[in-house]
Amino acid sequence: MGEKAPGWKEIPIGGVIVHPGNSFEYNTGDWRSERPVLDKEKCINCLQCWIFCPDGAVLVEDEKMAGYDYEHCKGCGICAHVCPVNAIEMIPEDDISGVSIDEFGIKEPPPEI
Amino acid sequence: MSKMHALTGNEAAAYAMKQIDPDVVPAYPITPQTELMQTFAQYVADGAVQTEMILVESEHSAMSAGVGASAAGARVMIATSANGLALMWEIVYITASSRLPIVMAVVNRALSGPINIHCDHSDSMGCRDAGWIQIYSENCQEVYDNMVQALRISEHKDVLLPVMSTHDGFIISHTVERVDALKDEEVKKFVGEYKSLYPLLDVSKPVTYGPLDLQDYYFEHKKQQAEAMKIAKRVILEVGEEYGKLSGRSYGLFDEYQTEDAEYIIIALGSTAGTAKAAVDDMRAMGKKVGVIKLRVFRPFPAPELVQALSNAKAVAVLDRSEGFSGIGGPLFQEVRSALYRKADMPVSGYVYGLGGRDITPEMIAGVFGDLKEGRIHEDEAFHLGVRE
Ligand code: SF4
Ligand code: SF4
């Protein structure tokens with residue numbers, strides 16, 4: 001949910017999408033709570049993950065597994081589940097970002113109250 | 001210029017639809033609306049309109065067909081009552097949030113259960129938060145006039161919200177009255193041609209209707225709807241004035257009857273306003289300073305305008321033809337009292353009456369005025385007027 005997202009006066013009414021194919025511009029990657037991480041050593045390039053990924057977020061180059069489109073990967077874990085050699089590990093985003101739940105919440109009361 | 005007709009409320013609505021000649025009308029029967037669509041179906045069968053009439057298998061389908069046709073770019077009109085409206089529910093919200101300017105005649109009937117086919121406002125009041133403009137008619141003439149105006153309001157480029165134009169089941173829907181109708185060409189010119197903002201069938205400009213709308217945009221779309229509803233108030237007044245120039249009958253947000261010097265005022269919707277006016281006439285003849293405000297537009301709610309209109313009254317009674325079950329009063333009572341909060345210091349008394357078609361008489365209205373004068377104010381809990389102990 002980007003802070004630069006347009007305001008209510010700037011978007012078409014009724015939730016209508018007027019630019020066809022704009023789903024690519026819509027980053028679903030921030031829905032993710034766990035991130036698939038590939039171990040290239042283990043990967044045998046069978047491309048099962050590419051076939052099963054519901055979001056087209058597995059990147060393939062020269063018929064080889066080439067990593068992830070993290071802007072769109074929702075972190076469903078299907079790729080990790082289907083990988084026959086356990087080359088994909090799902091890692092909590094919190095571990096990667098280092099942000100802890102303790103960082104949320106009110107630290108001091110608003111001065112005017 | 002115009003022509004006088006003897007029409008029931010349902011026929012008056014159907015006659016307006018005939019003159020408008022909408023592109024698509026999906027229909028499913030339900031009492032007391034059935035006669036309306038039956039009358040319109042006859043126009044279709046006679047070739048009096050070009051309308052594509054779609055006979056569907058339920059009201060959910062009727063409203064869905066309406067949404068599809070409207071998104072495609074068609075002018076759509078529809079009608080229902082009570083449980084039919086309830087079955088449409090899901091799509092009623094989708095119509096408004098997709099900003100599709102569909103006009104629906106709602107012939108007010110009590111929602112089951114227990115099953116009852118007679119008038120109250122539980123059906124349209126139930127979906128007062130659905131994002132539709134709501135206009136209530138007092139008599140057959142208003143049914144006709146409001147149907148014609150509803151289309152203009154709904155399709156206005158700054159509004160683009162669907163409109164429910166309601167009339168009381170049986171009391172108005174099946175009562176024959178004199179209706180002064182415009183000429184066909186006058187109506188055609190008044191409503192003009194509908195040009196959809198995003199027609200789905202314009203393949204040169206492809207669009208998507210009804211996509212997923214999550215935490216990041218849904219709220220902005222709701223804000224747009226809320227703003228359009230605010231603008232609708234201005235448009236309703238403009239259209240009401242223009243219609244007045246054309247027909248000699250102009251319309252506002254509400255109708256004030258003998259309120260100028262009135263000490264006690266009753267606010268009501270629909271046909272009951274007519275009963276209340278008759279009571280006021282009798283009481284005025286006895287020298288009583290009483291008046292009636294007939295609220296025409298419930299959504300958007302004309303709060304500051306009502307406050308202004310009530311400013312000289314000593315006390316106000318609000319008559320609700322639906323329960324609401326809040327424990328403190330019906331939906332109209334709550335809106336009126338909220339409107340007055342910190343704006344005017346006067347007692348507001350709530351009455352729930354007429355459920356399931358229970359009659360309301362001029363004597364009962366006089367009794368309400370009597371309560372106001374004697375200081376019997378029902379402000380913490382609505383008084384159920386006309387129920388047996
Ligand atoms: S976690 Fe799900 S969305 Fe992400 S790459 Fe794997 S299969 Fe695709
Ligand atoms: S399923 Fe596993 S082994 Fe096959 S390509 Fe994907 S990561 Fe590599």
Side-chain angles (χ1 to χ4, degrees), chain A residues 1-36 52-58 68-79 90 92-94 96-97 99-101 103-106 112-113, chain B residues 66-68 70-73 76 91-102 130-132 154-162 195-232:
Chain A
M1 196 167 139
E3 273 168 28
K4 283 181 254 99
W8 65 270
K9 291 177 186 164
E10 300 163 296
I11 55 174
I13 59 166
V16 172
I17 290 176
V18 293
H19 302 301
N22 74 350
S23 60
F24 193 74
E25 294 161 30
Y26 190 83
N27 293 344
T28 49
D30 61 5
W31 299 10
R32 196 173 54 233
S33 59
E34 290 192 337
R35 167 189 300 219
F52 278 92
C53 173
D55 281 294
V58 172
Y68 292 99
D69 168 3
Y70 285 121
E71 305 260 89
H72 295 96
C73 162
K74 294 175 189 156
C76 68
I78 289 173
C79 54
M90 299 302 291
E93 285 291 337
D94 290 358
I96 295 162
S97 67
V99 175
S100 131
I101 189 82
E103 291 180 32
F104 296 95
I106 298 162
E112 63 271 20
I113 293 176
Chain B
V67 163
S70 183
V76 177
I91 317 301
V92 166
Y93 276 73
I94 289 171
T95 308
S97 56
S98 302
R99 307 297 296 277
L100 298 170
I102 295 174
W132 286 57
S154 183
E155 293 174 358
H156 191 283
K157 65 174 176 40
D158 299 332
V159 178
L160 291 172
L161 292 171
K195 279 226 172 344
S196 163
L197 193 57
Y198 304 118
L200 204 51
L201 288 186
D202 181 356
V203 288
S204 66
K205 289 193 201 116
V207 294
T208 302
Y209 271 87
L212 190 65
D213 199 25
L214 299 175
Q215 301 98 317
D216 50 356
Y217 281 97
Y218 180 90
F219 202 175
E220 278 68 29
H221 288 125
K222 289 295 147 189
K223 172 71 178 168
Q224 290 177 332
Q225 279 180 262
E227 284 297 313
M229 195 55 99
K230 266 168 41 187
I231 292 169

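Proteins come first, then strands; the chains are lettered A, B, ... in the order of their sequence lines, and each starts at number 1. Just so it is clear, the values below take in all heavy atoms, side chains as well, and ignore hydrogens, waters and symmetry mates.
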Is there a side-chain contact between B/L197 and A/I13, using heavy atoms and a 4.5 Å cut-off?
yes
First locate atom CD of B/E220, then atom CD of A/E10, and finally report the distance between them rounded to the nearest 0.5 Å.
9.5 Å
Determine whether a donor-acceptor pair (N or O, by modelled atom type, separation under 3.5 Å) exists between the side chain of B/Q224 and the backbone of A/I11.
yes
Select one option (side chain, backbone, both, neither) describing which atoms of B/Q225 are under 4.5 Å from chain A's heavy atoms.
neither
d(A/N27 CG, B/D216 CG) to nearest 0.5 Å is 10.5 Å
May I have the step-by-step check of side chain to side chain contact (heavy atoms under 4.5 Å, CB included) for B/L214 and A/Y26, ending in yes or no?
CA-CA 11 Å; B/L214 299 175; A/Y26 190 83; 4.3 Å; yes
Can you tell me which of B/G210, B/P206, B/A228 forms the most heavy-atom pairs within a distance under 4.5 Å of chain A?
B/P206
Test applied, side chain to side chain contact (heavy atoms under 4.5 Å, CB included); reference residue, B/P211; option that passes from A/N22, A/I17, A/V16
A/I17
Taking everything shown except B/K230 itself, do over 12 heavy atoms lie less than 6.0 Å from its NZ?
no
Max heavy-atom pairs within cutoff under 4.5 Å with chain A, candidates B/Y218, B/Y217, B/F219, goes to B/Y217
Name the region of B/L100, side chain, backbone, both or neither, that has any atom closer than 4.5 Å to a heavy atom of chain A.
neither
